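Nothing here was measured: the structure is a model prediction, and the numbers come from that model.
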Amino acid sequence: MMKPILSPMALSLAVLFACNPDKTPIDSTTDEPTTESSGTDSTAGDPTGDPTGEEPVATDSTTEGDSTTGDPTEGPGDTTGPVDGESSACIDTPSVLAVDAETPLGISAQAFLADKLGPRSTLLTFSEEPLSLSDAWRGVTLPLTVELRYEAGEVRWIDSEINPEFGGEGIPSECADRLEIDVGFDFVTEGLEFDEHRDGVLQVFDAESAQLRVELLPPGLNGSLDPASLYKDEDPQWVVTGIEIGAILQGAALGGELLNEVKVGDDESGSVGFGNVASWGDPIDP
């Protein structure tokens with residue numbers, strides 16, 4: 001069933017980067033993350049937002065009964081998936097398509113990808129904040145090549161409906177139908193600090209806009225960058241437990257952010273933060 005598709009402006013990087021509400025946003029002004037909320041939050045928040053500014057909502061990682069979100073490639077209309085026996089907020093029904101098949105978006109996967117494949121030279125720029133970032137990386141810019149690849153991956157139309165039996169909090173006002181394309185994505189810096197050649201799912205919500213999220217850690221980086229070097233060796237210790245690439249394709253533009261998950265402190269009072277550690281590619285309009 002075709003429902004209103006979210007506009008390109010709703011396909012922000014905040015969608016990519018705020019889909020796990022059980023992680024504390026990294027505070028950009030202090031060496032400690034904010035851990036103000038409590039209780040159990042088992043659902044994703046509002047799937048729309050600003051692509052460059054809005055930080056994820058969070059809970060203290062030590063909260064008893066805390067639960068996490070599901071597939072990190074989820075976008076508008078996606079949900080956290082079943083958590084502790086709960087049902088999803090949206091029911092997604094996939095239909096496999098030929099790459100050149102017309103879709104309800106008015107464009108085929110083949111046509112959407114036509115001008116978006118191939119290598120692009122750009123820059124990866126590390127953030128100036130938070131203050132706990134290592135001096136070796138703060139503000140550093142690295143030449144970067146990114147490439148979206150399509151190698152006969154599966155193409156799916158996803159019909160997404162609100163689940164009337166969903167019993168969690170934060171049910172969306174609508175669930176977004178979308179086109180999904182299995183693709184490859186390369187993310188390689190000139191000095192091979194990153195040398196990543198990964199698979200991902202490109203989610204297309206209209207004829208001009210798509211998003212992609214690629215998890216690097218775990219399993220681990222192929223390049224020479226040591227995640228332990230990203231933060232200062234100080235107390236409390238910031239330990240990187242996850243690294244992901246978030247990307248937005250908007251018209252001819254391709255850009256995004258490098259995100260990391262960190263655990264701050266190693267005792268029961270420790271917390272988990274999640275946020276931007278670097279940006280790359282073209283600027284994306286909100």
Enter the distance from [X]:[atom1] to [Y]:[atom2] here, rounded to the nearest 0.5 Å.
X: Glu208; Y: Phe112; atom1: CD; atom2: CZ; answer: 7.5 Å
X: Ile245; Y: Asp186; atom1: CD1; atom2: CG; answer: 9.5 Å
X: Lys232; Y: Asp135; atom1: NZ; atom2: CG; answer: 5.0 Å

Q. So Thr141 and Thr125, side-chain hydrogen bond (donor to acceptor under 3.5 Å, both in side chains) or not? Walk me through it.
A. CA-CA 4 Å; Thr141 296; Thr125 302; 3.3 Å; yes
Q.
Classify the ring geometry of Phe187 against Trp280: parallel below 30°, tilted from 30° to 60°, perpendicular beyond 60°.
A. perpendicular
Below 4.5 Å, heavy atoms only, C-beta onward: do [X] and [Y] meet side chain to side chain?
X: Lys116; Y: Leu254; result: no
X: Leu230; Y: Ser134; result: no
X: Tyr231; Y: Asn260; result: yes
X: Leu113; Y: Leu202; result: yes
X: Leu258; Y: Ile243; result: yes

Q) Residues in salt bridge (Lys or Arg N to Asp or Glu O under 4.0 Å) with Asp226, at least two apart? A) none
Q) Name the one of Val262, Leu133, Leu259 that satisfies side-chain contact (heavy atoms from CB on, under 4.5 Å) with Val277? A) Leu133
Q) When you look at Arg149 and Glu151, which way does the salt bridge (charged side-chain N to carboxylate O under 4.0 Å, His left out) test go after all the steps? A) CA-CA 6 Å; Arg149 295 178 284 106; Glu151 298 167 347; 3.1 Å; yes
Q) Charged N to carboxylate O below 4.0 Å: is that the case for Arg198 and Glu196? A) yes
(Q) Around atom CD of Glu128, are there more than 12 heavy atoms from other residues, nucleotides or ligands closer than 6.0 Å? (A) yes
Q) With ILVMFWY side chains joined below 4.5 Å, transitively, what does Val188's cluster contain besides itself? A) Leu192
